[in-house]
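Report on the following structure.
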Amino acid sequence: MQKNQIVDLEITDLSYEAMGVAHLEGLTIFVANALPGEVVSAKILKVKKNFAFAKIEKIKKESPDRINVKLRQWVQTGLASLAHIKYDKQLEFKQRQVVNLLKKAHLDNIEVGQTLASPEEVGYRNKAQVPVRDVKGKLDIGFFRRHSHDLVPLTNFFTTDPEIDRVLVNVRDILRANHVPAYDELHHKGEVRYLDVRRSKASGEIMVILITLHKDFPQLKKVTQEISKINGVTSIILNHNPQKTNVILGKKDYLLWGNDYIIDKIGDVKFKISPQSFFQINSLQTPRLYDLAIKKANLQPDDVVIDAYSGIGTIGLSVAKHVKEVRGMEVVKPAVEDANNNARLNGISNAKYVVGRAEDIMPQWASEGLKTDVIFVDPPRKGLTPEFIDAAVKTAPKKIVYISCNPATMVRDLQLFQEQGYDFKRIDPVDMFPQTPHVESVTVLTKQK
Ligand code: SAH
C-alpha cells in the first residue's frame, strides 16, 4: 500500500477518536469521518508499519446513522468531530467505549448504563476560546484546522451558546472597524491572539476576555467602550500573553470595564467565576452529573466527605448541606480561593478547601488519623496516583465516588481500588460534551466487609 493510492474500504468500527476503522492487506486503516457499515473509496494519506490513515473520496454505501452536517468545517476542525453521527448513536458510541475498555481489562461482569443524554445537544457550551488571525488581509475568528494552525473562519460555533457566538461576531466587527491587528504567530507580532467569551445561563452575564500580545495598544480605550455596549456584557478583561507559546491564557489579567467575575449556578448553588478559574462547560448537564453521583453515594447527615481535585468546589459545595463536613484539595491556588469564597457566598460554613497536590494532601490527612465516609474524586485525564489510592483507602471510606473524563485511566484506577477491598458493579457514562468524542462517567466503589 502506498501514499495517494485509492482503495475501496469497508468500515467495521469507530476508534475512540471517532475515526472509521477498516482492515486491508494486514493493515488497520483509520478513515476520518467514515462510519461503521459504510463502504468508501478512500485516498491513503500515510502508511506506517501496522496501520495507515486515509480520507474519504466518495461514500459508496452510506450508513443510516449518518446525518448531513450543515457546515463541514465543524467536523474538519475537530470542533465537533461526531457531528455527522445521529445523537442517539453518539450516546451508544460513548457507552461502547467503556464496555470495550472493561473487556480489555477482563471485567466483563460490570454493568455499563446507557449514556445520560445532555439536555442540549448543540449550543451547550458556556465558554468559547477562539483564535484571532489574519485571513486574506482581514482580521477573522474561527477554529484551527485539525493538527494545524490554519484558521478556518467561522461565525457559528455550533456547540457554543448562540449568545456567545453573537458576542464573538460583534467583537470581531469592532476590532475590524478600529483596525486592530490580529496576532501574527510566525513573526510574533500584531495584537489580539484569542477571544475568550463566557456566559452564565443562570444570570445572563457575559465576560469578554481579549487575549493580547501587549498590555496596551492605541485602540484599546475605544474598543473597550464599544464592547461594553454589546447587550449582556458585564465584564471586560485584558489577558496579557507576551510569550511565544501555544498556551492560550497569559498569567496576568487586567480589568478594563465592569466586574472582574461573572456569577453562574449549578443547581441552586451560586459560583463566582474569575477569568482563570476552571468551570464545567455544560451548565445544564453538570447538576445532573452531580445528582447522579450524590444519589449513588447515598450520603448521610453525619458523613465526613472529601472533594478531591475540587476546582472551585463545585462538587463539595453541592453536597455540603446534606452532610456534616466537606474537605477539599486542589492544586491551583486561585481556584481554592474561589472555592472558599463560594462557600461564603452561599452561606456554607462546613466546607473548607486547601491548596496542594491530592497525592500529597491525602496521605497527610490519612496519617493525622482522619476518618472519612465518602470520597469524591474528579481527577484530570491522567487519573489518580497509587499514592493517592493507598492514602484514600487508609481513611476507610464507606464509598468512593469516581467521576472521570477519561475512561482508560479510570478503569486502571478502579482495578487498583479493587485490589484493596473496594468493589464496583456498574459504570454510568454521562454526556457532558455532545458532538465530541469525550466520555465522562460516574462509578461508585463500596468497601467490602
Ligand atoms: N471538580 C472540579 C474540577 C475538576 S477538573 C469541577 O467539577 O469543576 C480537575 C481539577 O484537578 C482541576 O481543577 C485541576 O487543577 C486539578 N488538579 C490537577 N492535578 C491535581 C493534583 N495533582 N492534585 C490536586 N488537584 C489537581
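We use all heavy atoms of the structure for the numbers below, so side chains are in, but hydrogens, waters and symmetry mates are not. Since the model is a prediction, treat every value here as computed from it, not as a measurement. Both counts, for ligands and for their atoms, begin at 1 and track the order of listing. Position 1 is the first residue of the sequence; numbering continues from there.
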With side chains defined as the heavy atoms from C-beta onward, is the minimum distance between Val393 and Lys447 less than 4.5 Å?
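Contact flag for Val393/Lys447 side chains = no.
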Give me the nearest non-hydrogen protein atom to atom 5 (S) of ligand 1 as residue plus atom name, then the distance to 0.1 Å.
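Of the protein heavy atoms, Phe278 CE2, 3.9 Å lies nearest.
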I need the nearest protein heavy-atom contact for atom 18 (C) of ligand 1: residue, atom name and distance, please.
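So the nearest neighbour among protein heavy atoms is Pro380 CG, 3.5 Å.
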Ligand 1 N/O within reach of [X] N/O, cut-off under 3.5 Å:
| X | result |
| --- | --- |
| Gln280 | yes |
| Glu330 | yes |
| Pro379 | no |

[X] and [Y]: side-chain donor and acceptor closer than 3.5 Å?
| X | Y | result |
| --- | --- | --- |
| Asp413 | Tyr402 | yes |
| Asn239 | Tyr194 | no |
| Tyr290 | Thr314 | yes |
| Asp431 | Thr115 | no |

Under 4.0 Å, heavy-atom basis, I'd like to know which part of [X] is in contact with ligand 1: side chain, backbone, both or neither.
| X | value |
| --- | --- |
| Val331 | both |
| Tyr309 | both |
| Ser310 | backbone |
| Asp378 | both |
| Tyr290 | side chain |

For [X], counting its heavy atoms only, list the atoms of ligand 1 lying under 4.0 Å from any of them.
| X | answer |
| --- | --- |
| Glu359 | 21 (C), 22 (N), 23 (N) |
| Val332 | 15 (O) |
| Gly356 | 23 (N), 24 (C) |
| Ala358 | 21 (C), 23 (N), 24 (C) |

Anything under 30° is parallel, anything over 60° is perpendicular, the rest tilted; go ahead and classify Phe433 against His438.
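Perpendicular, since the angle between the ring planes exceeds 60°.
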So with a 6.0 Å cut-off around OH of Tyr16, is the heavy-atom count from everything else above 12?
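Atom OH in Tyr16 is not packed in, count stays at 12 or less.
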